[in-house]
Amino acid sequence: MRTSPELRRKLISVAVVSAALLTAAPASVAVAQESAPRAAAVPAALTEAAPGAPAERLIVGYKSGAAEAKSNKAAAADAETKAEKTGEDVDFQRRLGTGAALVELGTNPTRTSVADVVAQYEADPQVAYVVPDRLNKPTAVTPNDSDYSKQWDLFESTAGMNVPAAWDTTTGSGVTVAVIDTGYVTHSDLAANIVGGYDFISDTAVSVDGNGRDSNPADPGDWYNADECGQGIPASTSSWHGTHVAGTIAAATHNGKGVAGIAYGAKISPVRVLGKCGGYDSDIIDAITWASGGTVSGVPANTNVAKVINMSLGGGGACSTATQSAITGAVNRGTSVVVAAGNENQNVSNSSPANCNNVISVAATNRAGSRASYSNYGSLVDISAPGGETRTSSANGILSTLNSGTKTPSSENYAYYQGTSMATPHVAGLAALLKSANSALTPAQIESAIKANARALPGTCSGGCGAGLADAAKTVQAVKGGTSTGTTFSSTTAVAVPDNGAAIESPISVTGRSGNAPSALQVGVDITHTYRGDLVIDLVAPDGSTYRLKSAASDSADNVNTTYTVNASSETANGTWKLRVQDTSAQDTGTLNNWKLTF
């Protein structure tokens with residue numbers, strides 16, 4: 001039997017949170033630490049907050065004998081008193097495990113308003129301490145890899161890809177990237193991140209390893225003599241191309257030597273399709289299918305299915321139906337396909353597979369942020385990334401893992417290369433970071449996020465360079481669902497909740513976001529109701545998907561004043577979100593006073 005509303009105890013509980021254009025040059029160191037100054041003298045609680053960022057919540061510790069130390073009602077009343085004295089919003093949220101009280105200071109408090117509230121608590125003889133509820137982040141340090149200082153493409157402010165700031169959030173762990181290329185030559189700066197791959201070259205004249213297809217993707221070298229690959233084509237030494245590409249994506253990092261990989265927590269599956277003079281479409285098609293988890297006759301099932309494929313390769317002509325079919329299959333299986341735009345300084349529409357549908361086509365930029373002189377261009381380019389240009393200095397190329405052998409493998413080393421082949425693994429590495437940061441992302445969402453969060457090219461581009469220069473940190477933050485300080489959208493329109501009636505809905509329009517909502521979307525709800533156990537509350541996403549926040553229960557307390565955490569990472573952030581509330585039993589009514597979404 002229900003008690004009368006005036007006898008019910010109020011309990012307010014809130015849960016707060018191509019082919020490559022290859023020009024090699026020999027290679028072969030500095031580490032920086034930084035610290036932030038503390039704020040100037042201000043109330044004690046503010047000195048512990050992040051510089052320049054006033055606290056939005058305070059943790060208040062009451063002395064053991066105070067009523068507020070044990071009673072939520074007393075703590076809430078004390079917060080109301082502090083609000084009356086300061087004219088600021090001060091709301092008791094919940095009791096911490098230590099017994100301290102968490103209070104919220106409303107939306108976007110200023111340092112002055114926070115200082116006023118802090119001063120009131122500090123002047124209260126029942127308060128033992130008041131400190132900010134600080135936001136903590138994973139901490140990343142500058143890699144100690146000996147040649148990291150030469151990797152301008154990762155960190156330089158002019159035309160680097162802003163990678164280090166992304167490492168605070170993700171390093172690509174849990175994601176496998178298939179490098180469909182020349183295979184892999186052993187390198188100690190990559191070995192820890194190499195997983196099983198496959199050799200798909202069926203023609204022994206191309207494979208030059210003495211056999212056809214097998215489970216060993218080792219690169220024996222792709223050198224050739226003059227005219228061997230076509231009349232007038234000069235001789236070439238072995239490129240170790242796949243190893244260079246793989247190093248850009250996932251070279252071991254923080255290991256005191258060599259270079260850092262963009263997604264150094266990811267794994268590389270070497271898939272060999274290129275040998276002497278190149279590789280056939282038929283082998284590449286099977287490689288795409290197998291790498292993405294599809295079935296290829298006569299080839300064992302892939303135990304290292306890739307969520308990202310890197311293809312720094314290409315040829316002339318239109319995208320064939322056969323190649324497009326393989327790419328479409330891979331994307332439908334959830335694998336992003338990243339392809340080099342090509343190095344012919346022509347429209348990418350003439351370069352396959354960069355001109356296929358459902359790929360991320362990558363053009364190359366130089367150290368000044370302009371389109372590299374060799375890079376293809378055009379409306380089919382999706383994004384640009386550092387590919388280097390070594391005409392004036394080899395140091396303006398892309399430094400990565402290699403081998404010193406001119407024909408067959410010799411000792412490991414590092415070298416600068418240039419090409420859209422070098423730009424592509426930058427974007428493949430970024431795709432791995434995104435998939436690791438938000439595993440629910442589809443290939444289409446990954447492509448959209450990369451393009452939506454690109455920055456304008458610092459230099460020039462004639463012909464079309466896609467959405468701009470890829471920005472790793474900005475894109476990773478977008479798929480995680482917003483800035484670290486949070487952006488709040490709210491509805492303050494009161495809506496009556498009828499007794500045992502139809503559900504009511506209150507909308508909030510979210511705009512200006514990029515990518516998907518976060519995996520910890522905060523849904524703040526304030527409902528006045530005389531028997532909250534009657535209420536069923538749902539969050540409705542823009543596409544109509546629903547997330548149950550609260551079910552009906554035997555709970556005779558008044559009101560719902562809490563914050564729910566929802567994994568909404570599969571939902572596009574922008575659009576109209578709704579809060580749906582229904583009273584499912586007779587005798588009590590209520591009002592949805594307000595609600596908010598914090599990204």
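All values below come from the heavy atoms of this structure, side chains included, with hydrogens, waters and symmetry mates left out. Here the structure is a predicted model, which is why all the values come from computation and not from measurement.
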So how far is it from [X] [atom1] to [Y] [atom2], rounded to the nearest 0.5 Å?
X    : Y    : atom1 : atom2 : answer
I180 : M311 : CD1   : CE    : 5.5 Å
Y417 : L399 : OH    : CG    : 11.5 Å
N574 : N516 : CG    : CG    : 10.0 Å
H244 : H241 : NE2   : NE2   : 8.5 Å
I327 : T289 : CD1   : OG1   : 10.0 Å
T546 : L539 : OG1   : CG    : 9.0 Å

Say whether, by atom type as modelled, one donor and one acceptor occur between the side chain of [X] and the main chain of [Y] under 3.5 angstrom.
X    : Y    : answer
D181 : G242 : yes
T390 : N396 : no
N438 : A440 : yes
S370 : T460 : yes
D471 : A454 : no
S146 : G258 : yes
N355 : G317 : yes
T248 : H426 : no
S238 : W223 : yes
K451 : I446 : no

Can a donor-acceptor pair be found between the side chains of [X] and [Y] at a distance below 3.5 Å?
X    : Y    : value
T420 : S375 : no
D219 : T182 : yes
Q477 : T169 : no
E412 : S188 : yes
S569 : N567 : yes

(request) Among N345, N366, N376, find the residue that satisfies the side-chain hydrogen bond (donor to acceptor under 3.5 Å, both in side chains) test when tested with R371. (result) N345
(request) Give me the one residue out of D283, D203, D199 that meets side-chain hydrogen bond (donor to acceptor under 3.5 Å, both in side chains) with R213. (result) D283
(message) Is it the case that atom NZ in K578 sees more than 12 heavy atoms from other parts of the structure closer than 6.0 Å?
(response) no
(message) If you count heavy atoms of other groups shown closer than 6.0 angstrom to CZ of R391, is the number above 12?
(response) no
So do [Y] and [X] actually touch side chain to side chain, heavy atoms under 4.5 Å?
X    : Y    : answer
N357 : C319 : no
I360 : I383 : yes
V339 : S361 : no
T328 : C356 : no
I309 : I288 : yes
T253 : D145 : yes
N403 : T243 : no
S269 : V305 : no

Which heavy atom in [X] sits nearest to a heavy atom in [Y], and how many Å separate them?
X    : Y    : result
T335 : A306 : OG1-O, 2.7 Å
A368 : P458 : O-CB, 3.8 Å
S384 : T365 : CB-CG2, 3.7 Å
G388 : W152 : CA-CZ2, 4.0 Å
P220 : P409 : O-CD, 3.7 Å
Y148 : A260 : CD1-CB, 3.9 Å

(message) Can you tell me how the ring of Y264 sits relative to the ring of W167, calling it parallel under 30°, perpendicular over 60° and tilted otherwise?
(response) perpendicular
(request) Only pairs at least two apart or in different chains count here, so list each ring-ring contact (aromatic ring centres under 6.0 Å, His included) that has a residue in residues 430-458. (result) none
(request) Could you name each residue pair satisfying ring-ring contact (aromatic ring centres under 6.0 Å, His included) that touches residues 273-296, not counting sequence neighbours? (result) Y198-W290, F200-W290
(request) Give the intermediate values and the outcome of side chain to side chain contact (heavy atoms under 4.5 Å, CB included) for residues I284 and T323. (result) CA-CA 8 Å; I284 294 170; T323 298; 5.9 Å; no
(request) Can you run down the side chain to side chain donor-acceptor pair (under 3.5 Å) pairs that involve residues 296-310, sequence neighbours left out, and say none if there aren't any? (result) N310-S312
(message) Please evaluate residues K257 and D189 with respect to the criterion salt bridge (Lys or Arg N to Asp or Glu O under 4.0 Å), reporting the C-alpha separation (whole Å), side-chain torsions for both, the decisive distance (0.1 Å), and the verdict.
(response) CA-CA 8 Å; K257 69 174 182 179; D189 209 8; 5.6 Å; no
(request) Show the numbers, then the answer: is there a side chain to side chain contact (heavy atoms under 4.5 Å, CB included) between H254 and N144? (result) CA-CA 5 Å; H254 298 295; N144 64 7; 4.3 Å; yes
(message) The test is ring-ring contact (aromatic ring centres under 6.0 Å, His included); show your working for H187 and Y414 and say whether it passes.
(response) CA-CA 10 Å; H187 199 293; Y414 302 84; 5.0 Å; yes
(message) Could you go through Y224 and I233, starting from their C-alpha distance and side-chain angles, then the distance that decides it, and tell me whether this counts as side chain to side chain contact (heavy atoms under 4.5 Å, CB included)?
(response) CA-CA 10 Å; Y224 50 84; I233 296 178; 4.0 Å; yes
(request) Let me see the working for L434 and I450 under side chain to side chain contact (heavy atoms under 4.5 Å, CB included), right down to the final yes or no. (result) CA-CA 9 Å; L434 300 180; I450 290 172; 3.6 Å; yes
